[in-house]
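Reviewing the structure listed below.
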Amino acid sequence: MTQLSLPVEDLVSFHNLPEKARDKKKKLKSEPKPEGKAKKKDKGKAAVQDGETQRQRGKENNMPVAEEREIKSDKRKEKKKKDSKKKKEKNSSEHYEIQQQDPQTSSVIVKLEPDEDGDFAPAKKQSKGKKRARQGEAGELSKSKKVKLEEDADGVETETKPQKKKKIKKEEGNKKPKKEEGAIKAKKKTQEEKEAAAALKLKKKEEEEQMRWRWWEEEKYEDGIKWKFLEHEGPVFAPPYEPLPDSVKFYYDGKPLPLSLQAEEVASFFAKMLDHEYTTKEIFRNNYFMDWRKEMTLEERMVITDLAKCDFTEMFTYYKGKMEEKKNKSKEDKLKIKEENEKLLQEYGYCSMDHHRERIGNFKIEPPALFRGRGDHPKQGMLKKRILPEDIIINCSKDSKIPEPPPGHKWKEVRHDNTVTWLASWTENVQGSVKYIMLNANSKLKGEKDWEKYEVARKLKHHVVTIRKTYRENFKSKEMKVRQRAVALYFIDKLALRAGNEKEEGETADTVGCCSLRVEHIKLYPELDGDKYVVEFDFLGKDSIRYYNKVPVEKQVFKNLQLFMENKQEGDDLFDRLSTPLLNKHLQSLMEGLTAKVFRTYNASITLQQQLQELTDPEESMPSKILSYNRANRAVAILCNHQRAPPKTFDQSMANLKSKIDAKKEQILLAKKELKEAKKEAKEKESEKLNKVVESKKRGVQRAEEQLMRMEVQATDREENKQIALSTSKLNYLDPRISVAWCKKWTVGLEKIYNKTYRDKFAWAVDMTETDFIF
DNA sequence: TACTCAACTTAGAAACCACGTC
DNA sequence: GACGTGGTTTCTAAGTTGAGTA
């Protein structure tokens, strides 16, 4: 697997960064620890010695959620009525509040709003660098190349690509009026077809909207109850293994070797992955071979003793061919497959929850395969066994129609537990963890939780000043435990680090979060590049994604870190007196419902809100506004360290886009020259006809410039997004109401920033948010 | 209180699909 | 119509949290 290594600190110069220096410590880890948190048990002892802080539940915001929500809902409805009345009165004379903004600050800033001490201003180096970089980019673009796009009554850009095409074609048509009648008819027909399809789509959309369960207008169930009625058809099992044709052979030591069905199936899993990096990794190969041998007959096991002597290429070619075949199927065949899938989805992909039809997220059982653990996962390559009905626990209501197991099979258990959200579960064999079949993200259960999550994060806004003050005071606590807790919390807050649970050694990849940071993950510099008290972080976080960042910290934090590292060596825990349960317990005492991960949500959302405010220029064109949104989104993605592998085709597609831009520039130059000549000629001859030609050429130049501007914006956006994944923050950390309010305020079509999945997931926010929403 | 585990959220990769271009 | 590209959807691994248990 590709290991990403994009430093948070500087996206531009990441190629120049020092090589990651880890891979050492494992042997050190097993050595005894100096004191305190030798391993899990010792930590607990430390907690006892230190004594516990009294739980002080916050006295504010004690209103039950349901009650609060009801009041809010009523208020919203009332407000909505008023607003719509106002809107009608105002009719189309909508105007917008224009805010004074400094475009110089429209940079990708990796941090938060200033707190009471102004401490949380972005690290100088970071913001300065970014600002400089940005001034030469779309900052200038948006200023110098204003584009006037056609806007509809709501001010939304309406000139879609097909429409533009139509327009161009129309112009061409005028130039060449002698088109063949048949061709015109055909065009008309396709046009009609298109219109019909669009109408159908619209109708479907309206129907969907009508069908939507507006759960957010209903009262929530009492604590713990997730549903009162649940009925479903059970999961869909993986199709049975299809044996290889006789012509496709497996070779061992250069000779064909027929395999038993079971061994052949497991061999096929490896063969299918032959072009994947996984199959070159030693751990993967070893684990695979060990598990494969377990599936072999005694005879096979006697013969096949070395994976290096196994030749799967014929099998690999066969499966590749199958894939090709599938790709090259006729339109009819593809349609047939699509219909079959749709049928399956309609039958098994939905459940009835409290008599509302809800989409299931993952109704198909994971097929048998090789385990693809990320990073240096010690279990990668192990066989994930086929799941049978006998492994499945079904959860549904007593009074529902119990799903039928496949013929000849029975369920492991059928239970009726309405305090959980899952419909079916099984225990997988590689890690022994439980897997679930749950509802889709747009369901009531998921949506309700999501809404709650953002409400907790908003609540933190009112407590954060006190919390920051408290942890700063604790930097000087006499208790080591308290000091460590304070510094860890400072990092979680300032850098949006994850909590960092303890992990079983050797069971998973060696990744860490804040509380599980080890000595080798940070370096301290009393002074670095003109900054004082710099901490350099370098560790693998969730999914083995590298976190690399150099951050100037407060003097007391720096001194504490020096203290925490005293007499410790690589492999030792930095926060040896701290664990996530201890930290979360403390957070609960500061604010009800507060846990470490709430800081990530809070800081992500507040950053988006601030960045949108800073970056949005009321005067700029629609594409530039969208670029600003993406940049705000990007600032959050950088904060949360959401990375992705650059798309395989990135360089090529970028080069294509650049050559298109060059071509467009040429075209503009030529068009301008022609315009100049036409103007001259029209002036000389004073002809009405020539004046019209001038006007037409003017429009041509303008159109080409608009196209160029759009391409340039696209190129900037794409370049900046090369290694950053925007979707994760958009989907999980950004309060959707901020985005919806922004769209409404600047009359940007919501579909420009949210695709259908997002709009469905955030239907509750779309429905309830007004322009004045503040996180 | 320590520990385990179920239940749920968060995450990136891969597969899929629609659309534009030639 | 083939092909390439990029957005969307699906898949499932990898986290966090809280409840139960000894």
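Chain naming here is simple, since letters A, B, ... match the order of the sequence lines and numbering starts at 1 in each. For clarity, every value in this text was computed on a predicted model and none was experimentally measured.
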Please classify the nucleic acid contact of A/Asn501 as base, sugar-phosphate, or nothing, using heavy-atom distances under 4.0 Å.
base
Taken in chain and number order and not counting sequence neighbours, the residues that satisfy salt bridge (charged side-chain N to carboxylate O under 4.0 Å, His left out) with A/Lys542 are none
Contact under 4.0 Å: A/Lys453 side-chain N or O vs B/dT9 OP1/OP2:
no
Looking at A/Phe371 versus A/His377, is the centre-to-centre ring distance below 6.0 Å?
yes
If you only use heavy atoms from C-beta on, which nucleotide in B/dA7, C/dT16, B/dA11 is closest to the side chain of A/Tyr436?
B/dA7
Specify the residue among A/Tyr758 and A/Gly513 whose closest nucleotide of DNA chain C lies further upstream toward the 5′ end.
A/Tyr758
Examine A/Tyr288 together with A/Phe270 and report whether their ring centres are nearer than 6.0 Å.
yes
For a side chain to side chain donor-acceptor pair (under 3.5 Å) check, start with the C-alpha distance between A/Glu502 and A/Ser516, then their side-chain angles and the critical distance, and finish with the verdict.
CA-CA 6 Å; A/Glu502 288 272 343; A/Ser516 51; over 6 Å; no
Whole-Å gap separating C1' (B/dA13) and CG (A/Asp275)
14 Å
Distances for protein N/O vs nucleotides 10-14 of chain C N/O pairs under 3.5 angstrom?
| unit_1 | atom_1 | unit_2 | atom_2 | d |
| --- | --- | --- | --- | --- |
| C/dT10 | OP1 | A/Arg359 | NH2 | 3.1 |
| C/dA13 | OP1 | A/Lys384 | NZ | 3.0 |
| C/dA13 | OP2 | A/Lys435 | NZ | 2.3 |
| C/dA14 | OP1 | A/Arg374 | N | 2.6 |
| C/dA14 | OP2 | A/His377 | NE2 | 3.3 |
| C/dA14 | O4' | A/Asp543 | OD1 | 3.4 |

Is there a side-chain contact between A/Asn755 and the phosphate of C/dT8, meaning an N or O under 4.0 Å from OP1 or OP2?
yes
Show, in sequence, the C-alpha distance, side-chain angles and deciding distance for A/Lys336 and A/Asp333, and conclude whether the salt bridge (Lys or Arg N to Asp or Glu O under 4.0 Å) test is met.
CA-CA 5 Å; A/Lys336 212 176 151 193; A/Asp333 285 349; 5.9 Å; no
Check: A/Pro581 main-chain N/O paired with A/Asn584 side-chain donor or acceptor under 3.5 Å:
no
Establish, with yes or no, whether the OP1 or OP2 oxygen of B/dA14 is under 4.0 angstrom from a side-chain nitrogen or oxygen of A/His276.
yes
